Visitor: 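First the structure, then my questions, so here it is.
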Amino acid sequence: MATTEHPPSRLRSWMLEGLSDMGKGVQQAPHAQPEPPHKGQRWWRVMCLTGVDYFSTLGYQPGIAALAAGLLSPVATLVLVLVTLAGALPVYRRVAEESPHGEGSIAMLERLLSFWQGKLFVLTLLGFAATDFLITITLSAADASTHLVENPHLTAALHNHQMLITLFLVALLGAVFLKGFLEAIGVAVALVGIYLGLNVIVVAVGLWHVLTAEHLVTDWTAALTAQHGSVFAMIGVALLVFPKLALGLSGFETGVAVMPHVKGNPDDTEERPTGRIRDTKKLLTTAALIMSGFLITTSFITTLLIPAPEFQPGGKANGRALAYLAHHYIGNTFGTVYDISTIAILWFAGASAMAGLLNLMPRYLPRYGMAPHWARAVRPMVIVFTLIGFLVTWIFDANVDKQGGAYATGVLVLISSAAIAVTIASRKAGQHKWTVAFAVISAVFLYTTVVNVIERPDGVKIGACFIAGIILVSLLSRLARAFELRVTSVTLDAMAERFVRDIASRKIRFIANEPDRRDKAKYRDKIEQIRKDNDVPESEDFVFVEVTVTDPSEFEAGLNVRGEVLHDRYRVLTLESSSIPNGLAALLLHVREMTGHIPHIYFEWTEGSPFANFLRFFLFGQGEVAPVTREVLREAEPDPAKRPRVHTG
């Protein structure tokens, strides 16, 4: 009986707008469409797109450094800058060479592992990446609300409302993406230019006050000596505490992710975009140098000019050290302008992080078959990420300091994975000196990550929650989509096409055969068994189909079918697929479209437990092939009259 399909509601249509067929490629969020080949922006403009995330950390980094290291904040920051320039920068310059299309270090590591262990490893890294991006959204919103609440003109009206303001900013971010957000590099350039210009003024005024009040430097050095005794002791303590300052390393993964926006040379090709790689290295280097300069100077002036109690929770410099200096030394009018600039760039940093999330998840999960059907659309994912942002904000009480550990963990795990990836790449390339150098850098970042996790376990807890959630949802989605036709294309070689055209003049009959023992007796006995089980006359002709399982953890791929004649009489179609039933179903549907006739395929029943056979199919692409092939065909072709026939005996 025919069923009447009701048209989807306007809300459903709006929510799922932009949903594309997964077999036709990864669905990209509308705000981050890749630039057409050989197009794009100058590298310094794209740097500002990275900078809204990277440079905006100046809003809270000096205060976090002062809380973590106290008087040693400038020394610990020097260690951080050394790690940035001698560690993270060389690593990501190499990542730009190895992954010039914006995939980043996760894609580099994905290529090293196959089967399910590779998928689980990538899902784990995606969990930490989600931690990084989501905490960027919530931490930036929390710090923006701190700048708003602590503004002298607004503090009386907004006091004790920081949680509500933070939630409003997160909700506003989600609303903008629901409307349809286009990443405007021009807006990023304006925000970064204004913000860095204002910071130059604050730093210059701060340094002038430090240099004109000579007792500040002598008092600071005297206090350091009294507290730590010697320079070597200071350096030792700084090495121990610098992992707490790891927020200053953020931005490198984003810098690689925006590579497709970099213009490069006119003669660049997608296979080897030499100009894009060169200019991305300029982008990474320039951003690191600018940030390093600001990290050193801001930690120095905030440590010397701001009383230590003001950095503590509830203090006027907590989460807004540079804004405190702007108000205190330049005046409330300039300070308010600085607050507005900081709030704008922090909010835009959240937008950049949301864009990263919406691009990162579709890059992997749909390809693995590990995303719910609606996750291919942007708006449902925006709602999910916004609700998670609400939860994280509530858990951390909209507090910048409390979220610092979780953010640093996400950043450090990604940088550590990048360092390991380039170490392996250098070793494979036979570059011994670079292998040793990158191995040392990897050890430094692994040490930093472990120390950060031990001292501030919130990050790994949040990361573990994201990892568990992603793996659970991914496996359930893969299970729910187990019978989905997931072959993107079918291509027959000349011999295979000749077999199909020839047999189409009669009834099209295929025999599914295991490609193990391919001797003459195997094919002869198989035909006799099929004739006997299905009462097929001897005059009928058959073509064998043999599927070799490649990587059963892969979800979608194209199908290449080759024809060959074995033992001078048996025609065989051979193909490779991640799943035998899916490969067979795709071939049958393609033959139907190619010839206009309904093909038949013959199987033998598989012995064993149905549940065990289903698990074999789910994990290894094999198992009880006949009923699964029929189920895949049923889902792909709802009309029984047009559906290829499956026979089992």
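If you read the sequence from its start, that first residue is 1, and numbering goes on from there. For clarity, every value in this text was computed on a predicted model and none was experimentally measured.
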Visitor: Taking atom CD of Q162 and atom CG of D397, what is their separation to the nearest 0.5 Å?
Guide: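 One finds 8.5 Å between CD of Q162 and CG of D397.
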
Visitor: Checking the side chain of S99 only, and the main-chain atoms of A96 only, is there a donor and an acceptor separated by less than 3.5 Å?
Guide: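 No; zero donor-acceptor contacts below 3.5 Å.
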
Visitor: Might you work through the side chain to side chain contact (heavy atoms under 4.5 Å, CB included) test for V170 and T386, ending with a clear yes or no?
Guide: CA-CA 7 Å; V170 174; T386 301; 4.2 Å; yes

Visitor: Where is the tightest heavy-atom contact between I306 and A321, given as atom of each residue plus distance?
Guide: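 That closest heavy-atom pairing would be CD1-O, 3.5 Å.
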
Visitor: If you measure from CD1 on I420 to CG on L446, what distance do you get to the nearest 0.5 Å?
Guide: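 Those atoms lie 4.5 Å apart.
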
Visitor: Which heavy atom of I194 sits nearest a heavy atom of S341, and at what distance?
Guide: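 So the minimum-distance heavy-atom pair works out to CG2-OG, 4.0 Å.
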
Visitor: Does the side chain of Y92 reach to within under 4.5 Å of the side chain of T280, using non-hydrogen atoms?
Guide: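 Counting from C-beta outward, Y92 and T280 never come under 4.5 Å.
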
Visitor: Which heavy atom in R42 sits nearest to a heavy atom in K263, and how many Å separate them?
Guide: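 Closest heavy-atom pair between R42 and K263: N-CB, 4.5 Å.
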
Visitor: Step through the shown structure and confirm whether more than 12 heavy atoms of other residues, nucleotides or ligands are within 6.0 Å of CZ on R45.
Guide: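 Enclosed.
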
Visitor: Output the distance between atom CE (M259) and atom CG (L283), rounded to the nearest 0.5 Å.
Guide: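 Those atoms lie 9.5 Å apart.
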
Visitor: When you compare the side chains of S299 and S73, does any donor N or O come within less than 3.5 Å of an acceptor on the partner?
Guide: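 No, S73 and S299 have no side-chain donor paired with an acceptor closer than 3.5 Å.
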
Visitor: Do the side chains of I165 and F168 get nearer than 4.5 Å, heavy atoms only?
Guide: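 Not in contact.
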
Visitor: Dump the intermediate steps for side chain to side chain contact (heavy atoms under 4.5 Å, CB included) on W44 and D279, then the final yes or no.
Guide: CA-CA 9 Å; W44 59 269; D279 286 349; over 6 Å; no

Visitor: Answer yes or no: does atom NZ of K281 have more than 12 heavy-atom neighbours from other residues, nucleotides or ligands under 6.0 Å?
Guide: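 Count over threshold, so yes.
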
Visitor: Which value, rounded to the nearest 0.5 Å, describes the distance between S140 atom OG and F348 atom CZ?
Guide: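 With rounding to 0.5 Å, OG (S140) is 12.5 Å from CZ (F348).
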
Visitor: Indicate the atoms forming the closest heavy-atom contact of A86 with I441, along with that distance.
Guide: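 Shortest heavy-atom contact: O-CD1, 3.5 Å.
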
Visitor: Flag the pair W347 / L172 as yes when at least one side-chain heavy-atom distance between them is below 4.5 Å, and no otherwise.
Guide: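 They are in side-chain contact.
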
Visitor: Counting distance only, does the side-chain N/O of T57 pair as donor-acceptor with the main-chain N or O of D53 below 3.5 Å?
Guide: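 Not a single qualifying donor-acceptor pair exists.
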
Visitor: Answer yes or no: is there a side-chain heavy-atom contact under 4.5 Å between I201 and Y338?
Guide: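 The answer is no, as the side chains (C-beta and beyond) never meet within the 4.5 Å cut-off.
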
Visitor: I'd like to know if the side chain of N452 and the backbone of T448 have a donor-acceptor N/O pair within less than 3.5 Å.
Guide: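 Side chain of N452 to backbone of T448, a donor-acceptor pair under 3.5 Å: no, none is there.
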
Visitor: When you look at T409 and V413, which way does the side chain to side chain contact (heavy atoms under 4.5 Å, CB included) test go after all the steps?
Guide: CA-CA 6 Å; T409 299; V413 168; 4.3 Å; yes

Visitor: Taking the side chain as every heavy atom from C-beta outward, state whether T84 and M291 have any atom pair closer than 4.5 Å.
Guide: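 Side chain of T84 against side chain of M291, heavy atoms only: no contact under 4.5 Å found.
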
Visitor: Taking it one step at a time, do V192 and M47 satisfy side chain to side chain contact (heavy atoms under 4.5 Å, CB included)?
Guide: CA-CA 9 Å; V192 169; M47 181 188 72; 5.9 Å; no

Visitor: Does a donor on one side chain and an acceptor on the other come within less than 3.5 Å for T393 and T166?
Guide: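 T166 and T393 do not have a side-chain donor-acceptor pair below 3.5 Å.
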
Visitor: Is the closest side-chain heavy-atom distance between L167 and W394 below 4.5 Å?
Guide: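 Not touching, per the 4.5 Å side-chain cut-off.
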
Visitor: Say whether, by atom type as modelled, one donor and one acceptor occur between the side chain of N318 and the main chain of F311 under 3.5 angstrom.
Guide: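 Yes; at least one donor-acceptor contact below 3.5 Å.
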
Visitor: Look at the aromatic rings of F252 and Y54 and report parallel, tilted or perpendicular, splitting at 30° and 60°.
Guide: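 Tilted, since the angle between the ring planes falls between 30° and 60°.
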
Visitor: Side chains of F445 and V83: does their closest heavy-atom pair fall under 4.5 Å?
Guide: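 Contact flag for F445/V83 side chains = yes.
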
Visitor: How long is the straight-line distance from CD1 of I296 back to CD1 of I301, given to the nearest 0.5 Å?
Guide: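 The CD1 atom of I301 sits 12.5 Å away from the CD1 atom of I296.
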
Visitor: Considering non-hydrogen atoms only, spot the tightest contact between L191 and A344 and give its length.
Guide: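 L191 and A344 have their closest heavy atoms at CD2-CB, 3.6 Å.
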
Visitor: Counting distance only, does the side-chain N/O of E310 pair as donor-acceptor with the main-chain N or O of K316 below 3.5 Å?
Guide: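 The answer is yes, because a donor-acceptor pair under 3.5 Å joins these two groups.
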
Visitor: With no hydrogens and no angle check, is any side-chain donor or acceptor of R276 less than 3.5 Å from a backbone partner on P100?
Guide: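 Such a contact is found between R276 side chain and P100 backbone.
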
Visitor: Return yes if some donor-acceptor pair links the side-chain N/O of S292 with the main-chain N/O of A288 below 3.5 Å, else return no.
Guide: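 Side chain of S292 to backbone of A288: a pair is present.
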
Visitor: Would a 4.5 Å heavy-atom cut-off, applied to side chains only, mark Q61 and L80 as touching?
Guide: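 The answer is yes; the side chains approach within 4.5 Å.
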
Visitor: Nearest heavy-atom pair of L85 and P90: which atoms, and what distance?
Guide: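 Where L85 meets P90 most closely, the heavy atoms are O-CD, 3.4 Å.
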
Visitor: Drop me the distance from L295's CG to I290's CD1, to the nearest 0.5 angstrom.
Guide: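 So the gap between those two atoms works out to 12.0 Å.
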
